[in-house]
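Single-structure report; data block below.
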Amino acid sequence: MGLPIAEQQSEVYEDPLDLIDEIEALKAEKDVKILAHFYVDGDIQDIADYTGDSLKLARDAVSIESSTIVFCGVHFMGESAKILSPEKTVLIPDLLAGCSLAESCQAPELKARQDELRAQGRDIVTVAYINTSAAVKSLCDWIVTSGNAREIIERIPKDQEILFVPDQHLGRYLMEVTGREMILWPGSCMVHEIFSLQDLLRAKKNNPGSAVISHPECPQNILEVSDFIGGTEKMRQYVKSVEQPTTFLVATESAMIHPLQKIAPQHTYLPVPGIMESTGETCACNRCPHMERNTLKKVRDCIKNGTPQIEWLSYFDQAKGVLERSLLKPS
Ligand code: 13P
Ligand code: SF4
(Lines give C-alpha, C1' and ligand atoms only; values in the text may rest on other atoms or scores of the structure.)
(Ligands and ions follow the chains in the order given, each with its own letter.)
Protein backbone atom coordinates (compact mmCIF):
# COMPACT_ATOMS: atom_id res chain seq x y z
CA MET A 1 0.00 0.00 0.00
CA GLY A 2 1.49 3.36 -1.03
CA LEU A 3 0.37 6.93 -0.69
CA PRO A 4 -3.24 7.82 -1.56
CA ILE A 5 -3.54 8.79 -5.27
CA ALA A 6 -4.10 12.50 -4.52
CA GLU A 7 -0.97 12.60 -2.39
CA GLN A 8 1.10 10.77 -5.04
CA GLN A 9 0.00 13.24 -7.72
CA SER A 10 0.83 16.30 -5.62
CA GLU A 11 4.39 15.05 -4.91
CA VAL A 12 6.74 17.05 -7.16
CA TYR A 13 9.96 15.13 -7.90
CA GLU A 14 13.02 16.46 -6.08
CA ASP A 15 16.49 14.97 -6.38
CA PRO A 16 17.21 12.91 -3.23
CA LEU A 17 20.82 14.18 -3.15
CA ASP A 18 19.60 17.81 -3.12
CA LEU A 19 17.13 16.94 -0.37
CA ILE A 20 19.88 15.33 1.70
CA ASP A 21 22.09 18.45 1.33
CA GLU A 22 19.18 20.66 2.35
CA ILE A 23 18.40 18.46 5.37
CA GLU A 24 22.03 18.52 6.52
CA ALA A 25 22.14 22.34 6.33
CA LEU A 26 18.80 22.73 8.12
CA LYS A 27 19.84 20.30 10.87
CA ALA A 28 22.87 22.40 11.73
CA GLU A 29 20.97 25.68 11.47
CA LYS A 30 18.07 24.57 13.69
CA ASP A 31 19.85 22.31 16.21
CA VAL A 32 18.04 19.18 15.06
CA LYS A 33 18.89 15.49 15.44
CA ILE A 34 17.13 12.84 13.36
CA LEU A 35 16.06 9.54 14.93
CA ALA A 36 14.97 6.77 12.56
CA HIS A 37 13.42 3.38 13.23
CA PHE A 38 14.79 0.37 11.34
CA TYR A 39 11.51 0.14 9.37
CA VAL A 40 11.79 3.50 7.55
CA ASP A 41 13.36 3.71 4.09
CA GLY A 42 17.09 3.03 3.99
CA ASP A 43 17.89 6.51 2.64
CA ILE A 44 16.31 8.04 5.75
CA GLN A 45 18.15 5.59 8.04
CA ASP A 46 21.38 6.64 6.31
CA ILE A 47 20.95 10.36 7.06
CA ALA A 48 19.72 9.77 10.64
CA ASP A 49 21.91 10.63 13.62
CA TYR A 50 20.48 7.69 15.54
CA THR A 51 18.82 4.50 14.31
CA GLY A 52 17.39 1.73 16.41
CA ASP A 53 14.47 -0.29 17.73
CA SER A 54 11.68 1.24 19.80
CA LEU A 55 13.58 0.82 23.07
CA LYS A 56 16.87 2.33 21.97
CA LEU A 57 15.23 5.27 20.22
CA ALA A 58 13.11 6.09 23.29
CA ARG A 59 16.30 6.16 25.36
CA ASP A 60 18.18 8.17 22.69
CA ALA A 61 15.39 10.77 22.74
CA VAL A 62 16.22 11.42 26.40
CA SER A 63 20.01 11.36 26.18
CA ILE A 64 20.66 13.50 23.10
CA GLU A 65 21.26 17.18 23.65
CA SER A 66 19.68 18.93 20.67
CA SER A 67 16.65 21.17 21.26
CA THR A 68 14.68 19.48 18.46
CA ILE A 69 14.17 15.86 17.45
CA VAL A 70 12.76 14.67 14.14
CA PHE A 71 11.34 11.22 14.80
CA CYS A 72 11.13 9.15 11.62
CA GLY A 73 8.90 6.27 12.58
CA VAL A 74 5.25 6.25 13.58
CA HIS A 75 3.13 8.47 15.81
CA PHE A 76 3.39 6.48 19.06
CA MET A 77 7.20 6.65 18.79
CA GLY A 78 7.21 10.43 18.46
CA GLU A 79 4.70 10.65 21.30
CA SER A 80 6.88 8.49 23.58
CA ALA A 81 9.92 10.67 22.75
CA LYS A 82 7.98 13.83 23.69
CA ILE A 83 6.68 12.28 26.92
CA LEU A 84 10.15 11.18 27.97
CA SER A 85 11.78 14.44 26.91
CA PRO A 86 9.13 17.20 27.31
CA GLU A 87 11.56 20.09 27.03
CA LYS A 88 12.46 19.13 23.44
CA THR A 89 10.48 19.96 20.34
CA VAL A 90 9.52 16.65 18.73
CA LEU A 91 8.67 16.78 15.04
CA ILE A 92 7.33 13.90 12.99
CA PRO A 93 7.41 14.01 9.19
CA ASP A 94 3.79 12.85 8.79
CA LEU A 95 1.10 13.00 11.49
CA LEU A 96 -0.85 10.28 9.68
CA ALA A 97 1.87 7.67 10.25
CA GLY A 98 -0.10 5.54 12.71
CA CYS A 99 0.08 1.88 13.72
CA SER A 100 -2.55 -0.84 13.33
CA LEU A 101 -1.62 -2.29 16.72
CA ALA A 102 -2.01 1.03 18.50
CA GLU A 103 -5.35 1.53 16.70
CA SER A 104 -6.64 -1.83 17.88
CA CYS A 105 -6.65 -0.80 21.53
CA GLN A 106 -8.48 2.42 22.41
CA ALA A 107 -8.40 3.90 25.92
CA PRO A 108 -12.18 3.72 26.65
CA GLU A 109 -12.33 0.01 25.68
CA LEU A 110 -9.24 -0.77 27.75
CA LYS A 111 -10.72 1.07 30.76
CA ALA A 112 -13.97 -0.90 30.37
CA ARG A 113 -12.07 -4.22 30.25
CA GLN A 114 -10.00 -3.31 33.33
CA ASP A 115 -13.19 -2.33 35.21
CA GLU A 116 -14.86 -5.58 34.18
CA LEU A 117 -11.94 -7.71 35.44
CA ARG A 118 -11.63 -5.72 38.68
CA ALA A 119 -15.38 -6.02 39.29
CA GLN A 120 -14.78 -9.81 39.30
CA GLY A 121 -12.36 -9.24 42.21
CA ARG A 122 -9.27 -9.94 40.05
CA ASP A 123 -5.97 -8.27 40.97
CA ILE A 124 -4.75 -7.28 37.49
CA VAL A 125 -1.61 -5.59 36.28
CA THR A 126 -1.87 -4.08 32.79
CA VAL A 127 1.20 -4.44 30.60
CA ALA A 128 1.16 -2.53 27.30
CA TYR A 129 3.41 -2.98 24.32
CA ILE A 130 4.90 0.41 23.46
CA ASN A 131 2.84 0.31 20.23
CA THR A 132 -0.06 2.07 21.99
CA SER A 133 -1.30 5.65 22.29
CA ALA A 134 -0.30 7.80 25.26
CA ALA A 135 -3.94 7.67 26.42
CA VAL A 136 -3.66 3.87 26.67
CA LYS A 137 -0.23 4.06 28.30
CA SER A 138 -1.66 6.33 30.99
CA LEU A 139 -3.98 3.46 32.04
CA CYS A 140 -1.18 0.89 32.30
CA ASP A 141 1.27 -0.33 34.95
CA TRP A 142 4.15 -1.29 32.64
CA ILE A 143 5.20 -0.50 29.08
CA VAL A 144 7.28 -3.07 27.23
CA THR A 145 9.07 -3.23 23.89
CA SER A 146 10.27 -6.28 21.98
CA GLY A 147 13.65 -5.55 23.65
CA ASN A 148 12.61 -5.71 27.34
CA ALA A 149 9.23 -7.48 27.48
CA ARG A 150 10.43 -10.78 28.84
CA GLU A 151 12.50 -9.15 31.60
CA ILE A 152 9.62 -6.92 32.77
CA ILE A 153 7.04 -9.72 32.75
CA GLU A 154 9.35 -11.95 34.77
CA ARG A 155 9.56 -9.18 37.40
CA ILE A 156 5.80 -9.02 38.04
CA PRO A 157 4.76 -10.95 41.19
CA LYS A 158 3.25 -14.33 40.33
CA ASP A 159 0.09 -13.75 42.37
CA GLN A 160 -0.95 -10.90 40.06
CA GLU A 161 -2.83 -11.55 36.83
CA ILE A 162 -1.48 -9.81 33.73
CA LEU A 163 -3.66 -8.15 31.12
CA PHE A 164 -1.39 -7.78 28.06
CA VAL A 165 -2.34 -5.30 25.32
CA PRO A 166 -2.61 -4.96 22.37
CA ASP A 167 -0.65 -7.63 20.43
CA GLN A 168 -2.08 -11.12 20.83
CA HIS A 169 0.82 -12.77 18.95
CA LEU A 170 3.58 -11.12 20.97
CA GLY A 171 1.51 -11.87 24.10
CA ARG A 172 1.17 -15.55 23.22
CA TYR A 173 4.91 -15.77 22.49
CA LEU A 174 5.74 -14.11 25.83
CA MET A 175 3.45 -16.57 27.64
CA GLU A 176 5.44 -19.37 26.05
CA VAL A 177 8.90 -18.02 26.96
CA THR A 178 8.04 -16.81 30.46
CA GLY A 179 5.60 -19.57 31.42
CA ARG A 180 3.17 -16.84 32.64
CA GLU A 181 -0.52 -17.03 31.78
CA MET A 182 -1.81 -13.66 30.56
CA ILE A 183 -5.15 -12.27 29.46
CA LEU A 184 -4.56 -11.18 25.86
CA TRP A 185 -6.07 -8.28 23.91
CA PRO A 186 -7.07 -9.38 20.38
CA GLY A 187 -4.88 -6.89 18.46
CA SER A 188 -2.29 -7.59 15.76
CA CYS A 189 0.06 -5.83 13.36
CA MET A 190 -1.23 -5.57 9.79
CA VAL A 191 2.27 -6.32 8.41
CA HIS A 192 3.29 -9.27 10.59
CA GLU A 193 -0.19 -10.81 10.54
CA ILE A 194 -0.12 -11.67 6.85
CA PHE A 195 3.11 -13.55 6.22
CA SER A 196 2.39 -16.56 4.09
CA LEU A 197 3.45 -19.82 5.73
CA GLN A 198 3.17 -21.61 2.40
CA ASP A 199 5.52 -19.17 0.65
CA LEU A 200 7.92 -19.23 3.57
CA LEU A 201 8.13 -23.03 3.45
CA ARG A 202 8.62 -22.88 -0.32
CA ALA A 203 11.43 -20.32 0.09
CA LYS A 204 13.06 -22.54 2.73
CA LYS A 205 12.95 -25.49 0.36
CA ASN A 206 14.32 -23.43 -2.54
CA ASN A 207 17.19 -22.13 -0.39
CA PRO A 208 18.80 -25.14 1.26
CA GLY A 209 20.66 -24.18 4.42
CA SER A 210 18.65 -20.95 4.86
CA ALA A 211 17.44 -19.77 8.27
CA VAL A 212 14.21 -17.98 9.19
CA ILE A 213 14.41 -14.92 11.45
CA SER A 214 11.10 -13.54 12.74
CA HIS A 215 9.75 -10.67 14.80
CA PRO A 216 7.62 -11.90 17.74
CA GLU A 217 4.66 -9.93 16.33
CA CYS A 218 4.31 -12.77 13.77
CA PRO A 219 1.58 -15.37 14.33
CA GLN A 220 2.41 -18.72 15.94
CA ASN A 221 2.55 -20.67 12.63
CA ILE A 222 5.43 -18.45 11.43
CA LEU A 223 7.28 -18.48 14.77
CA GLU A 224 7.06 -22.29 14.88
CA VAL A 225 9.19 -22.60 11.75
CA SER A 226 11.65 -19.87 12.77
CA ASP A 227 15.29 -20.39 13.68
CA PHE A 228 15.51 -17.09 15.55
CA ILE A 229 12.79 -14.92 17.11
CA GLY A 230 13.51 -11.40 18.31
CA GLY A 231 12.78 -7.70 17.94
CA THR A 232 14.64 -5.61 15.40
CA GLU A 233 17.76 -4.90 17.49
CA LYS A 234 18.01 -8.52 18.65
CA MET A 235 17.71 -9.62 15.02
CA ARG A 236 20.60 -7.36 14.08
CA GLN A 237 22.80 -8.70 16.87
CA TYR A 238 21.89 -12.26 15.91
CA VAL A 239 22.91 -12.01 12.23
CA LYS A 240 26.12 -10.27 13.30
CA SER A 241 26.93 -13.23 15.55
CA VAL A 242 26.62 -15.72 12.67
CA GLU A 243 30.00 -15.87 10.88
CA GLN A 244 29.18 -18.42 8.18
CA PRO A 245 27.56 -16.68 5.15
CA THR A 246 23.89 -17.67 5.37
CA THR A 247 20.66 -16.96 3.51
CA PHE A 248 18.19 -15.44 5.98
CA LEU A 249 14.47 -15.41 5.26
CA VAL A 250 13.31 -12.27 7.02
CA ALA A 251 9.80 -12.34 8.52
CA THR A 252 9.39 -8.71 9.45
CA GLU A 253 8.95 -5.32 7.76
CA SER A 254 11.16 -5.48 4.66
CA ALA A 255 13.01 -2.17 5.30
CA MET A 256 14.72 -4.13 8.09
CA ILE A 257 16.89 -5.74 5.44
CA HIS A 258 18.81 -2.44 5.11
CA PRO A 259 20.28 -2.42 8.67
CA LEU A 260 20.82 -6.20 8.54
CA GLN A 261 22.86 -5.83 5.35
CA LYS A 262 24.83 -3.01 6.93
CA ILE A 263 25.74 -4.85 10.11
CA ALA A 264 26.33 -8.28 8.55
CA PRO A 265 27.01 -7.94 4.81
CA GLN A 266 28.36 -11.50 4.56
CA HIS A 267 24.77 -12.86 4.45
CA THR A 268 21.95 -12.87 1.89
CA TYR A 269 18.58 -11.57 3.07
CA LEU A 270 15.28 -12.45 1.43
CA PRO A 271 11.97 -10.87 2.52
CA VAL A 272 9.17 -13.32 3.33
CA PRO A 273 6.12 -12.48 1.17
CA GLY A 274 2.68 -11.78 2.59
CA ILE A 275 -0.68 -13.14 1.53
CA MET A 276 -3.80 -11.03 0.99
CA GLU A 277 -6.72 -12.29 3.06
CA SER A 278 -9.32 -11.02 0.55
CA THR A 279 -7.93 -12.79 -2.53
CA GLY A 280 -5.49 -15.36 -1.12
CA GLU A 281 -2.84 -13.94 -3.47
CA THR A 282 0.79 -13.42 -2.54
CA CYS A 283 1.64 -9.74 -2.17
CA ALA A 284 4.61 -7.49 -1.44
CA CYS A 285 2.70 -6.23 1.62
CA ASN A 286 5.60 -6.66 3.99
CA ARG A 287 6.13 -2.88 4.03
CA CYS A 288 4.38 -0.94 6.77
CA PRO A 289 2.24 1.73 5.03
CA HIS A 290 2.68 3.97 8.07
CA MET A 291 6.47 3.74 8.15
CA GLU A 292 6.41 4.34 4.38
CA ARG A 293 4.87 7.76 4.96
CA ASN A 294 8.30 9.00 6.03
CA THR A 295 10.04 10.52 3.00
CA LEU A 296 13.11 12.71 2.60
CA LYS A 297 10.90 15.52 1.34
CA LYS A 298 8.70 15.37 4.44
CA VAL A 299 11.78 15.26 6.68
CA ARG A 300 13.09 18.40 4.98
CA ASP A 301 9.71 20.15 5.18
CA CYS A 302 9.12 19.39 8.85
CA ILE A 303 12.53 20.76 9.85
CA LYS A 304 12.04 23.83 7.67
CA ASN A 305 8.51 24.58 8.92
CA GLY A 306 8.81 23.31 12.51
CA THR A 307 5.66 21.28 11.98
CA PRO A 308 3.96 18.83 12.47
CA GLN A 309 5.02 18.51 16.07
CA ILE A 310 3.82 16.47 19.04
CA GLU A 311 1.92 18.75 21.40
CA TRP A 312 1.84 18.05 25.14
CA LEU A 313 -1.55 16.69 26.25
CA SER A 314 -2.93 16.49 29.80
CA TYR A 315 -2.67 12.70 30.15
CA PHE A 316 1.03 12.71 29.13
CA ASP A 317 1.94 13.33 32.80
CA GLN A 318 0.47 9.98 33.83
CA ALA A 319 2.05 8.19 30.84
CA LYS A 320 5.44 9.73 31.70
CA GLY A 321 5.70 7.96 35.05
CA VAL A 322 4.91 4.56 33.50
CA LEU A 323 7.27 5.04 30.56
CA GLU A 324 10.16 6.19 32.73
CA ARG A 325 9.74 3.35 35.21
CA SER A 326 9.54 0.79 32.39
CA LEU A 327 12.19 1.99 29.94
CA LEU A 328 14.67 4.18 31.77
CA LYS A 329 15.15 2.70 35.23
CA PRO A 330 17.73 -0.07 35.51
CA SER A 331 16.19 -3.43 36.51
P1 13P B 1 10.95 -3.08 17.52
O2 13P B 1 10.79 -2.44 18.86
O3 13P B 1 11.38 -4.52 17.59
O4 13P B 1 11.84 -2.27 16.66
O5 13P B 1 9.50 -3.14 16.82
C6 13P B 1 8.76 -2.00 16.51
C7 13P B 1 7.59 -2.30 15.67
O8 13P B 1 6.77 -1.48 15.37
C9 13P B 1 7.44 -3.64 15.20
O10 13P B 1 6.40 -3.74 14.30
FE1 SF4 C 1 2.59 -0.79 13.76
FE2 SF4 C 1 2.99 -3.04 12.43
FE3 SF4 C 1 3.75 -0.74 11.35
FE4 SF4 C 1 5.10 -1.76 13.48
S5 SF4 C 1 4.96 -2.62 11.41
S6 SF4 C 1 4.42 0.36 13.20
S7 SF4 C 1 3.39 -2.71 14.59
S8 SF4 C 1 1.62 -1.36 11.81
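From a predicted model like this one, the values you see are computed outputs, not experimental measurements. The chain is numbered in sequence order, starting from 1. Start at 1 and go down the list; that is how both ligands and their atoms are numbered.
- T145 places a side-chain heavy atom less than 4.5 Å from the side chain of N148.
- Only the side chain of H37 comes within 4.0 Å of ligand 1, counting heavy atoms alone; its backbone N, CA, C and O stay farther away.
- Residue side and main chain included, C189 places an N/O/S atom under 2.8 Å of atom 2 (Fe) of ligand 2.
- Ranking the protein heavy atoms by distance from atom 3 (O) of ligand 1 puts S146 OG, 2.6 Å first.
- Given atom 2 (O) of ligand 1, the protein heavy atom at minimum distance is S54 OG, 2.8 Å.
- Of all the listed residues (A255, C99, S188), C99 holds the heavy atom that lies closest to atom 1 (Fe) of ligand 2.
- Counting heavy atoms under 4.0 Å from ligand 1, residue E217 touches it through the side chain alone.
- Atom numbering of ligand 1 starts at 1 in the shown order; those under 4.0 Å from a heavy atom of T232 are 1 (P), 3 (O), 4 (O).
- Annotation for V40 and Q45: closest pair O-NE2, 2.8 Å, computed over non-hydrogen atoms.
- The closest protein non-hydrogen atom to atom 3 (Fe) of ligand 2 is C288 SG, 2.4 Å.
- At a heavy-atom cutoff of 4.0 Å, ligand 1 is contacted by no atom of F38, backbone or side chain.
- Remark: Q114 CD to I183 CD1 distance equals 10.5 Å, nearest 0.5 Å.
- Taking 4.5 Å as the limit, every side-chain heavy atom of L117 sits out of range of all side-chain heavy atoms of E161.
- Residue G231 has at least one heavy-atom neighbour below 4.0 Å for each of these atoms of ligand 1: 3 (O).
- With rounding to the nearest 0.5 angstrom, the CZ atom of F248 is 12.5 Å from the CG atom of N207.
- Below 4.0 Å from some heavy atom of H192 lie the following atoms of ligand 1, by number and element: 10 (O).
- By the 4.0 Å heavy-atom criterion, E217 is counted among the residues contacting ligand 2.
- H215 NE2, 3.3 Å is the protein heavy atom nearest to atom 5 (O) of ligand 1.
- Using a 4.0 Å cut-off between a side-chain N of Lys or Arg and a carboxylate O of Asp or Glu, R300 and E14 qualify as a salt bridge.
- Electrostatic pairing of E151 and R155 counts as a salt bridge here, judged by a charged N lying under 4.0 Å from a carboxylate O.
- The nearest protein atom to atom 7 (S) of ligand 2, hydrogens excluded, is given as N131 ND2, 3.2 Å; this is a heavy-atom distance.
- Considering backbone and side-chain N/O atoms, T145 never comes within less than 3.5 Å of an N/O atom of ligand 1.
- K27 has a carboxylate O that lies under 4.0 Å from a charged side-chain N of D49, or vice versa, which qualifies the two as a salt bridge.
- The proximity of S100 to ligand 2, defined as any non-hydrogen pair under 4.0 Å, involves the side chain as well as the backbone.
- Polar contact with ligand 1: present for N131 (N/O pair, distance under 3.5 Å).
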Go through the steps for Y173 and E217 under the test side-chain contact (heavy atoms from CB on, under 4.5 Å), then give the verdict. CA-CA 8 Å; Y173 170 72; E217 286 176 21; over 6 Å; no

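- Screening T252, N294, D53 for a side chain to side chain donor-acceptor pair (under 3.5 Å) involving Y39 leaves a single residue, T252.
- Taking every non-hydrogen atom of L101 and a distance limit under 4.0 Å, the qualifying atoms of ligand 2 come out as 7 (S).
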Derivation and outcome, side-chain contact (heavy atoms from CB on, under 4.5 Å), residues L110 and T132: CA-CA 11 Å; L110 174 57; T132 42; over 6 Å; no

